[in-house]
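Notes follow once the structure below has been shown.
Keep in mind that what you see is a predicted model, and the values were worked out from it rather than measured.
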Number of protein chains: 2
Amino acid sequence: MSRQPENRKPATSVDVARLAGVSRATVSHVLNGQTEKFNADTVERVRSAAAELGYVRSTAGRALAMGRSDLVVVVVPYTTFIRLQDVIEVLSSDIAELGFSMVVHFSMSRTKEETPNRLLHLIETLRPAGVVDLGGVSRRELDLIEKTGCAVLPRKLHFDVNHWIGILQARHLHSRGYTELVYAFLSDVRDDPYGRSRSAAVTEFCEAEGLTAPIHVHVPIEPEGAEEALKTVLEQRGRPVGIACFNDEVAVAVVFAAKRLGLSVPGDVAVIGAEGAEIGQAVSPRVTTVKGDVPAAVRHIRYLLAQTFGGPAPSDGIPPQEDAYSILPGETT
Amino acid sequence: MSRQPENRKPATSVDVARLAGVSRATVSHVLNGQTEKFNADTVERVRSAAAELGYVRSTAGRALAMGRSDLVVVVVPYTTFIRLQDVIEVLSSDIAELGFSMVVHFSMSRTKEETPNRLLHLIETLRPAGVVDLGGVSRRELDLIEKTGCAVLPRKLHFDVNHWIGILQARHLHSRGYTELVYAFLSDVRDDPYGRSRSAAVTEFCEAEGLTAPIHVHVPIEPEGAEEALKTVLEQRGRPVGIACFNDEVAVAVVFAAKRLGLSVPGDVAVIGAEGAEIGQAVSPRVTTVKGDVPAAVRHIRYLLAQTFGGPAPSDGIPPQEDAYSILPGETT
DNA sequence: TTGTATGCGTTATCAC
DNA sequence: GTGATAACGCATACAA
């Protein structure tokens, strides 16, 4: 059974119907799971005929008839993700499990994003079942997309993950006694939405605690640039200083820049990273970081997907997203 | 112009035809660029009508009529890519430029891959224009896919990039005087096709040069595990030893494990990484690595895409792929 | 419980 | 040059 046909054209529902001795409509119904209202005999005949012919529903025909496709567009923000592979791998698997296919769209820099909008065009031409927003969809785009009737998945970010990460970083530094805080962006061409949220959270924390507003630096991973950036920080803030970094690579760059400058870590310079990259734990000193549990974080989206498209929801309920993030203490704070 | 309609249903070619006062066929022809054989006047009327209505061709209808969709499936192998974001970002942009959309498929472990095959099913149901193989397509899958009439992009790997990386690593270590070689895989659940090619190349190099066959170790990024793995290596090979690592994270883990064990780098243990991760250059000592130029490497695929689907080819011709990879000398060899 | 008829939006073939 | 018209493969309201 399930023998692939040698002939060129793939089997259609007509072929299945003919072989099973029923009508196309019956085939369609049975194969879409409306199996209750048919003779067990009929169902079986249809199924084995389909298997025999290696029949696979054409998404094109299906999409045309239904008005929307089996595609889910995942919008990746214009930022640098250490865990991107993990995230889209898990998402892809969740999406596939619900019978959809994932198409990935990369946002561009806000300033560079042309109009008419690439994302909107993609959605108009693909008519996807839904859009999963990893943080790359602007307010304006969101409105436009929803006007097309397409579901945008984290509908409203009840909870801004990046804001939370920034708060965790600032709170940790503060709890370790640092009162002069700095936010270190990854120096890059990107104008990064994640970095914006995280640094805004640090600023907010300082306000709430009555600390001086944190300064911002852009730190390249490359050694000379990192040293330069760190020197600037010390000129402006003296020491000790606590630096919340965009990610663990920035954190590592800062830590090693400090060492080369003869500064003590965490005595003069305390450093906390984000995203919990494994590499931060392999070096000495191990960097303190905000570790995110990718599967747990993505489970939230999986839940929304299932809810929206009627698939099987994760049995273990939906945990609060805060729980997916925690401080991983290292030797740099 | 280009005002988005407030009403629910998106405009179809019928609407455009009506507004332009022509037939659907004319709309289709004009919008597909067959503009030569029509009155300039007609062409203009059609175009402005389309713009006026915010008309966007439905990929579903198009796919149905043409027998294949405007999708390109990118198959990501079951491995850990430091540069995955860069690679699929560039690919996505190239693919979009040719008028296609990218759907990403992640291969699973060879042993875990179920039959019937996920990839094949995806292709049968999506009927994509083509498949871009980043190294995740098995020989068997390739045959099956091509039997469906779908183009698989690097048709035949004239040139195995990973083999080349392994050769570069081994050659470099040898040129620095190391004769006892080791290949360090990333310790992971993955049975990684990239690692297999690279380590095979190292073995091959040793044979060709009359060196002892290299041993294989699996190194976790985490410190204790890395130390354990390194100890095993030294027991089996003594020192000095040259270690070719799967990527720069493994290299960093090995370097710091060596330091913690009181070994000198590169005196006792020489280390070379791969993929040229920025982080490897931020730490001290900077790791020697095989740096890949992602845009250059992907340009090869872009060229093939353009050739296959008739888009604009890169003007600067197609450079040999070897040129995209080079030794970036650090302080660990 | 099963079949008939129709519509979905596009492209292609062939008349005019 | 331009316009009818027929596929393309599927889903579904409705008829039987």
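A/V27 comes within contact range of no nucleotide atom at all, as no heavy-atom separation falls under 4.0 Å.
For the residue pair A/D192 / A/T79, a side-chain donor-acceptor distance below 3.5 Å is found, with atom types taken as modelled. Side-chain atoms of B/S197 and B/D160 form a donor-acceptor pair, as typed in the model, at a separation below 3.5 Å.
Between the side chain of A/E44 and the backbone N or O of A/D41 there is no donor-acceptor pair closer than 3.5 Å.
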Counting primed atoms, P, OP1 and OP2 as sugar-phosphate and everything else as base, the B/S/- map of nucleotides 8-16 of chain D against protein heavy atoms under 4.0 Å is BBBBB----
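Separation of atoms CZ (B/R47) and OG1 (B/T42) is listed at 11.5 Å; rounding is to 0.5 Å. Note that the CG atom of B/L134 and the CD1 atom of B/I88 stand 9.0 Å from one another [nearest 0.5 Å]. Atoms CG and CD, from A/L153 and A/Q307 in turn, are 8.5 Å apart once rounded to the nearest 0.5 Å.
In DNA chain D, consecutive stretches of 3 or more Watson-Crick or G-U wobble pairs with both distances under 3.5 Å are given as paired ranges: C:1-16 with D:1-16.
Using a 4.5 Å cut-off on side-chain heavy atoms (C-beta onward), B/V72 and B/P128 make no contact. A heavy-atom distance below 4.5 Å is not found between the side chains of A/I95 and A/R302.
The number of heavy atoms from other shown groups lying within 6.0 Å of CZ (A/R127) is above 12.
Taking the charged nitrogens against the carboxylate oxygens, A/R140 and A/D143 have no contact shorter than 4.0 Å, which rules out a salt bridge.
Along DNA chain C, the stretch of nucleotides lying under 4.0 Å from any heavy atom of chain A spans, 5' to 3', C/dT1 to C/dG9.
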